[in-house]
Amino acid sequence: MPLLSKLVFRSWGLGLAAFLTLSACSLPQTFQSVSPARLNSAGANSGRAQVVRLHWRNTAELAELAGSGMDLFGIDHQQQTAQARITPTQVVELTQRKIRFDVSQVRGMEDARQPLPAGYRTYAQLRQQLQELAAKYPQLVLLEDGGDTWEKTQGKADHDIWVVTLTNRQNRTPKPVTMFTGGVHARELAPVELLMRLMDLLTSEYGKDERITQLLNTHEVVIAPMVNVDGRVQVEKGNSWQRKNTHGTGVDLNRNFDNHWNYQGLTVPDSWKRGLSDPNGEIYSGTAPASEPETQVVQALMQRKKPAVFADIHAYGELMLWPFGYSEKDVPHTPVFKQLYQETVKSLGFKGGTSTQILYPTTATTRDYAYGKHGALSMTLEVGQTFRPTASDVERMWTQLRPSFLRLIEAGGQFGRL
Ligand SMILES: [Zn+2]
């Protein structure tokens with residue numbers, strides 16, 4: 001056990017003196033030391049959460065921690081570590097279970113409240129830019145209001161879930177559809193930006209770039225770049241850790257879809273389910289399948305568009321996840337997913353597999369619903385290495401991922417449905 005972990009493990013309740021000792025220790029290079037004042041103010045006594053790196057001992061334990069509703073991210077299967085944003089109650093729980101953790105914090109994740117980083121567009125800007133795009137390229141772009149967010153259904157805010165369809169609209173013969181969603185989890189900032197760049201690319205290069213012209217002549221691309229608008233606006237207001245929507249204590253939309261909701265109809269350990277029914281946890285699944293307006297909007301869109309390929313863009317971890325999240329078993333299209341993975345993000349260092357294989361077990365996700373209910377070749381891309389990359393990092397990610405997005409559009413219609 002490294003000295004740092006040992007100290008934290010034993011001394012959480014000792015207060016400032018222990019933290020002063022800790023801050024003098026040398027920290028691993030990827031972590032920055034945290035000032036005692038900050039740790040004290042965000043520490044166990046104040047009731048606020050803080051970010052730690054914990055050391056899980058086996059995949060069953062990781063599955064249990066994730067299933068408990070703990071806010072886990074940055075899972076590293078080689079090192080058997082994960083980042084976690086833990087509450088004082090969870091500190092006690094981890095300590096009791098003898099699960100080690102370091103208080104070292106990841107750069108850029110120190111504060112609960114932070115403004116939107118420079119270079120990111122707000123929801124209001126996104127809405128305006130989509131309207132401008134539709135006005136500029138009427139022959140290529142159809143902008144639709146996909147439906148209301150929870151806050152709008154309550155008369156609390158004017159938030160709509162925008163859906164953009166891009167295709168050569170002169171050619172009205174039915175075309176295979178590739179669909180993308182982004183911003184299902186509010187704090188994951190890069191996916192929204194990447195999808196906005198994809199729309200810019202497809203429109204500005206149509207008629208200039210041969211491949212893109214051909215793609216839009218023969219395919220339809222449907223993009224909902226910001227699904228969880230209510231949550232995203234919270235992030236813009238400084239609630240940088242907001243993941244869920246804003247209904248009550250928040251529902252994790254990516255556990256709310258109507259496909260084995262709460263693992264219904266499946267035989268899984270009870271420990272995987274605990275957090276799904278905890279309204280204060282980060283994976284609270286709501287009161288019923290598709291209980292949330294945002295989920296209903298995405299489900300209705302899939303029902304209407306019948307995508308051949310579907311990609312839900314999340315952050316972070318550099319993973320391509322394919323169905324089903326609750327199992328390590330192959331599905332009929334596993335060979336196709338493996339092929340697409342090899343043709344897209346594998347060379348960028350992404351890992352590929354089901355969530356149970358390479359992350360932790362999940363259910364009722366957007367991805368599983370798209371495959372399980374609509375037979376779409378469906379995947380989640382976890383992009384980047386942080387929730388809040390700098391604008392120049394986003395630019396680099398876009399340059400790297402652009403060919404993969406185009407390949408996924410092209411894959412529409414190339415493979416059979418489920
Ligand atoms: Zn996510």
Side-chain angles (χ1 to χ4, degrees), residues 51 62 65-67 69-76 82-85 106 108-109 116 120 149 161 179-195 223-236 239-247 250-257 259 275-276 281-286 292 294-295 297-298 310-326 345 350-356 358-371 378-389 394 397 401:
V51 178
L62 174 65
L65 290 170
M70 182 176 285
D71 194 358
L72 286 184
F73 41 92
I75 315 288
D76 186 331
Q83 309 295 335
R85 183 166 181 261
V106 180
M109 290 186 177
L116 200 63
Y120 284 90
T149 65
I161 301 167
M179 179 171 157
F180 297 92
T181 47
V184 168
H185 286 146
R187 67 191 179 189
E188 301 168 9
L189 299 185
V192 177
E193 292 295 321
L194 296 173
L195 291 176
I223 303 179
M226 192 187 283
V227 172
N228 182 4
V229 180
D230 295 346
R232 169 54 186 253
V233 169
Q234 284 303 312
V235 173
E236 291 169 12
N239 296 324
S240 53
W241 288 98
Q242 180 80 31
R243 164 182 164 101
K244 304 185 286 182
N245 76 356
T246 63
H247 180 184
V251 174
D252 183 353
L253 301 176
N254 208 27
R255 300 292 185 278
N256 186 239
F257 279 77
N259 193 73
L276 294 171
E282 288 298 335
I283 56 165
Y284 177 53
S285 62
E292 302 312 294
E294 295 86 353
T295 309
V297 165
V298 175
F310 170 72
D312 189 23
I313 316 300
H314 283 249
Y316 63 102
E318 302 194 322
L319 310 170
M320 181 189 272
L321 304 169
W322 53 73
F324 285 106
Y326 48 78
V345 293
F350 281 48
K351 295 194 176 66
T354 73
S355 193
T356 296
I358 61 172
L359 189 61
Y360 46 70
T362 56
T363 195
T365 58
T366 320
R367 166 192 71 245
D368 278 10
Y369 170 82
Y371 187 67
S378 159
M379 66 203 72
T380 304
L381 286 177
E382 296 278 357
V383 301
Q385 298 172 351
T386 166
F387 291 131
R388 302 164 73 86
V394 174
M397 287 161 73
L401 285 165

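Both backbone and side-chain heavy atoms feed into the values below; hydrogens, waters and symmetry mates do not. Just so you know, these numbers come straight off a predicted model, no measurement behind them. Along the sequence shown, the residues carry numbers beginning at 1. Each ligand, and each atom within it, is numbered from 1 in the order the structure gives.
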So which heavy atom on His314 is nearest to which on Asp312, and how close?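 His314 and Asp312 have their closest heavy atoms at NE2-OD2, 2.6 Å.
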Heavy-atom distance under 4.5 Å between the side chains of Arg255 and Thr362, does that happen here?
yes
Any Phe324 side-chain heavy atom under 4.5 Å of Asn259 side chain: yes
Could you confirm whether Glu188 has any N/O/S atom lying under 2.8 Å from the Zn ion (ligand 1)?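 For Glu188, the answer is yes, given that an N, O or S atom comes within less than 2.8 Å of the Zn ion (ligand 1).
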**Request:** Check His314 and report its N/O/S atom nearest to the Zn ion (ligand 1), by atom name.
**Result:**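 Per the distance ranking, His314 contributes ND1 as its closest N/O/S atom to the Zn ion (ligand 1).
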The Zn ion (ligand 1) -> His185, closest N, O or S atom is ND1
Between Asn245 and the options Glu292, His185, Arg232, Gln234, the side chain to side chain donor-acceptor pair (under 3.5 Å) test singles out Glu292
